[in-house]
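Along the sequence shown, the residues carry numbers beginning at 1. These numbers were taken from a predicted model, which means no experiment stands behind them.
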Amino acid sequence: MMFLRQASANLIKRFRISPQIFAATPLHRSSPILLPNAGQCRFSSELGSGGYFSDSFRWIFLFGPAAVILGVNVSPALAEEVSTPATTGSDGVDVEISGLHKIEDGSVVSNIHTSKWRVFTDSGRDLFLQGKLEEAEKLFLSALQEAKEGFGDRDPHVASAYNNLAELYRVKKAFDKAEPMYLEAIIILEESFGQEDVRVAAALHNLGQFYLMQRKLEQARGVYEIKRRVLGEAHPDYADTMYHLGTVLSLQGKYKDSEALIRDSIRILEDGGQGESMICTKRMRQLAQIYITTDRIEEAESVLRKILHIMELATGWNSLETVIAAERLALTLQSLGNLKEAQELLKRCLDARRALLPENHIQIAANLLHLARVKMLDSSKLNKSNVAELYMAKDLLSKSISVARGNLVLSVRQKGNKQSYGESVTTVRSRQSALIILLQSLDALSLLEMKRLELEDSKDPYNSEAESALRGCISAYKEFVNEKSLSDAPGVKAEYLLCLKHLVDLLSDNKTTSEDRSSNAALQELKDEIKRVEVELSKKGGRRS
């Protein structure tokens with residue numbers, strides 16, 4: 001492994017770029033640059049919430065003598081076999097060489113090593129996809145050795161073997177082993193084809209995604225900048241690189257530069273007639289998120305309306321993609337105070353989800369929670385005569401609580417004793433979402449009870465139902481927190497912290513006179529728990545409510 005680290009040192013230096021490169025200046029398109037095999041390589045893997053980052057990947061075919069490398073995302077990215085057909089002579093007659101075959105670059109390789117390389121690669125890939133990582137690692141190591149013996153140490157087939165091992169080590173979270181493998185694959189491809197070759201850009205894409213997944217943003221940024229230069233603006237995947245680079249900058253908090261890159265990526269797609277494609281709408285969502293983060297809500301609303309219009313025309317309301325687009329717009333309208341339209345959209349989303357999903361689906365629980373919150377926010381219009389709106393919201397919250405709890409119980413029961421890499425990212429995130437929705441629904445229920453007490457002019461200023469909801473929130477957290485995927489999630493802890501603080505506020509209120517409810521010991525215990533959770537969140541970089 002030492003030789004890999006030494007050979008990679010110079011390559012790593014190239015990824016250290018000057019911040020001045022990303023000055024917030026308009027991006028201009030130069031004259032088209034025709035690249036060899038332009039259009040044959042696709043580096044397409046979208047990032048963003050609910051997007052391709054967690055679920056999708058596409059194959060990258062490296063034509064000619066290079067192996068096939070998979071453009072990586074969170075999903076495994078394995079190299080395919082390289083075919084080595086019999087070559088054809090200048091007179092058009094197939095040339096047979098006893099015991100040997102020529103490949104496209106004219107080199108001669110042994111059939112024995114080539115066959116073994118293929119068998120080890122295919123078998124290793126099958127085991128990898130089954131989650132049998134230890135067995136797959138042995139086969140990939142054997143494939144690497146056969147590639148070296150059959151093709152030579154610096155052949156592109158060896159680069160693809162390194163890529164497979166890098167992917168396996170990434171999944172095993174052996175990042176210190178994976179990184180030098182990615183880097184060595186890039187070095188070999190650069191030696192074979194030059195630094196400006198599109199196949200090198202494919203390998204850079206893999207490395208960039210590897211860094212991005214670990215939030216090594218400066219390294220990812222450097223890799224994507226090199227890839228952008230290698231491709232040139234004439235390449236069809238230039239827009240993809242702009243988007244990925246913009247995503248990195250957004251994660252770094254450099255929103256102005258990120259916005260410029262993502263907007264340019266969208267413009268390139270629109271100029272190429274792909275303005276209504278799924279890829280383009282995903283990038284529009286990222287742009288809208290930047291606007292929301294930078295408190296430009298009206299601009300976000302405009303982009304989200306455009307996305308919804310595209311989705312309605314493309315798939316109609318029989319698609320969850322359209323429902324999710326409408327929900328995003330509704331929540332943005334809610335933040336702008338346009339509660340009527342927000343409520344109408346959320347009702348339509350709920351009807352569509354009930355037609356498309358089982359009644360106990362976690363998305364329905366989230367939809368019920370959003371709709372209840374909008375009704376509660378509209379409380380400024382409520383009075384004693386129409387307090388029934390609050391009871392409707394309470395019914396929505398009760399259903400949300402029931403669905404979320406049911407999902408949690410079922411998910412934890414089904415988890416069993418699976419190894420961490422045997423459980424999908426989607427399943428883990430669904431479990432986390434279910435607990436967050438449960439905690440938020442209980443917290444919202446406590447706020448609703450306090451509002452109801454206010455409207456009904458109750459003579460008892462203390463609301464036991466509000467306290468009960470908050471204590472239910474804390475109990476729910478403790479019930480499921482032993483599940484590691486939940487206890488380690490900053491989002492879950494943040495919601496628990498909010499419930500704790502609301503309960504302390506309620507018990508500390510001057511109107512709460514019962515010694516049992518407001519004893520100093522009980523309050524101090526809650527305050528100590530708040531401090532403990534805040535410390536844990538600060539260590540994990542989570543938000544503190």
Side-chain angles (χ1 to χ4, degrees), residues 1-18 21 41 43 45 57 60 62 65-80 82 121 124 128 136-137 140-141 143-145 147-148 151-231 237 241 244-245 248:
M1 189 63 68
M2 181 60 68
F3 83 95
L4 286 178
R5 297 184 185 280
Q6 292 173 344
S8 302
N10 291 335
L11 185 63
I12 294 175
K13 291 178 182 177
R14 291 172 52 208
F15 301 152
R16 295 176 185 150
I17 57 177
S18 169
I21 291 176
C41 288
F43 322 95
S45 56
F57 52 88
I60 297 177
L62 301 186
V68 179
I69 296 181
L70 192 70
V72 298
N73 212 332
V74 172
S75 304
L78 301 181
E80 283 278 18
V82 177
T121 298
F128 181 96
E137 181 181 359
F140 282 158
L141 286 169
L144 175 61
Q145 185 60 35
K148 289 181 177 181
F151 300 103
D153 288 354
R154 313 309 293 171
D155 187 87
H157 294 78
V158 177
S160 73
Y162 276 127
N163 180 82
N164 285 350
L165 277 168
E167 279 300 289
L168 182 141
Y169 290 135
R170 178 186 61 78
V171 172
K172 291 180 69 174
K173 297 184 179 180
F175 298 130
D176 58 331
K177 291 184 178 181
E179 182 177 23
M181 296 284 182
Y182 284 121
L183 293 169
E184 183 67 5
I186 294 170
I187 291 170
I188 293 173
L189 291 173
E190 287 184 338
E191 291 172 356
S192 300
F193 308 113
Q195 292 185 356
E196 306 302 316
D197 190 85
V198 68
R199 286 158 287 201
V200 174
L204 286 168
H205 176 87
N206 292 0
L207 180 62
Q209 294 287 64
F210 170 72
Y211 285 141
L212 187 55
M213 287 165 50
Q214 298 177 77
R215 290 300 188 264
K216 292 185 176 180
L217 301 181
E218 280 302 320
Q219 292 96 320
R221 173 179 164 186
V223 170
Y224 284 129
E225 174 57 26
I226 295 172
K227 181 189 168 189
R228 179 170 69 159
R229 189 196 68 236
V230 170
L231 288 177
D237 292 306
T241 304
H244 290 133
L245 190 53
V248 171

(message) On a heavy-atom basis, which atom in Gly124 and which in Ala136 lie closest, and how many Å separate them?
(response) O-CB, 3.5 Å
(message) What I'd like to find out is whether the side chain of Asn164 reaches to under 4.5 Å of the side chain of Phe128, using heavy atoms alone.
(response) no
(message) In the structure I gave you, are the side-chain heavy atoms of Lys172 and Glu137 within less than 4.5 Å of one another anywhere?
(response) yes
(message) For a quick test of reading the model, state the closest non-hydrogen atom pair linking Met181 to Ala166 and the distance between them.
(response) CB-CB, 3.6 Å
(message) Rounded to the nearest 0.5 Å, what separates atom CG in Leu144 from atom OG in Ser160?
(response) 9.0 Å
(message) Restricting to non-hydrogen atoms, name the atom on Lys148 and the atom on Asp153 that form the minimum distance, rounded to 0.1 Å.
(response) CB-OD1, 3.3 Å
(request) Check Val158 against Gly152 and note the closest heavy-atom contact, atom names and distance. (result) CG2-O, 3.2 Å
(message) To check you understand the geometry: which heavy-atom pair defines the closest contact between Ile188 and Pro156, and what is its length?
(response) CG2-N, 4.2 Å
(message) Between Arg154 and Glu184, does any NZ, NE, NH1 or NH2 come within less than 4.0 Å of an OD or OE carboxylate oxygen?
(response) yes
(request) For Gln214, check side-chain contact (heavy atoms from CB on, under 4.5 Å) against everything at least two apart and list the hits. (result) Phe175, Phe210, Lys216
(request) Check whether any side-chain heavy atom of Arg170 sits under 4.5 Å from a side-chain heavy atom of Tyr182, and report yes or no. (result) yes
(request) Supply the atom-to-atom distance Ile186 CD1 to Leu183 CG, rounded to the nearest 0.5 angstrom. (result) 5.5 Å
(message) We want to know whether Glu179 and Tyr169 form a side-chain donor-acceptor pair, criterion being a heavy-atom distance below 3.5 angstrom.
(response) no
(request) Mind checking the CG-CG spacing from Leu168 to Asn163? Nearest 0.5 Å is all I need. (result) 11.5 Å
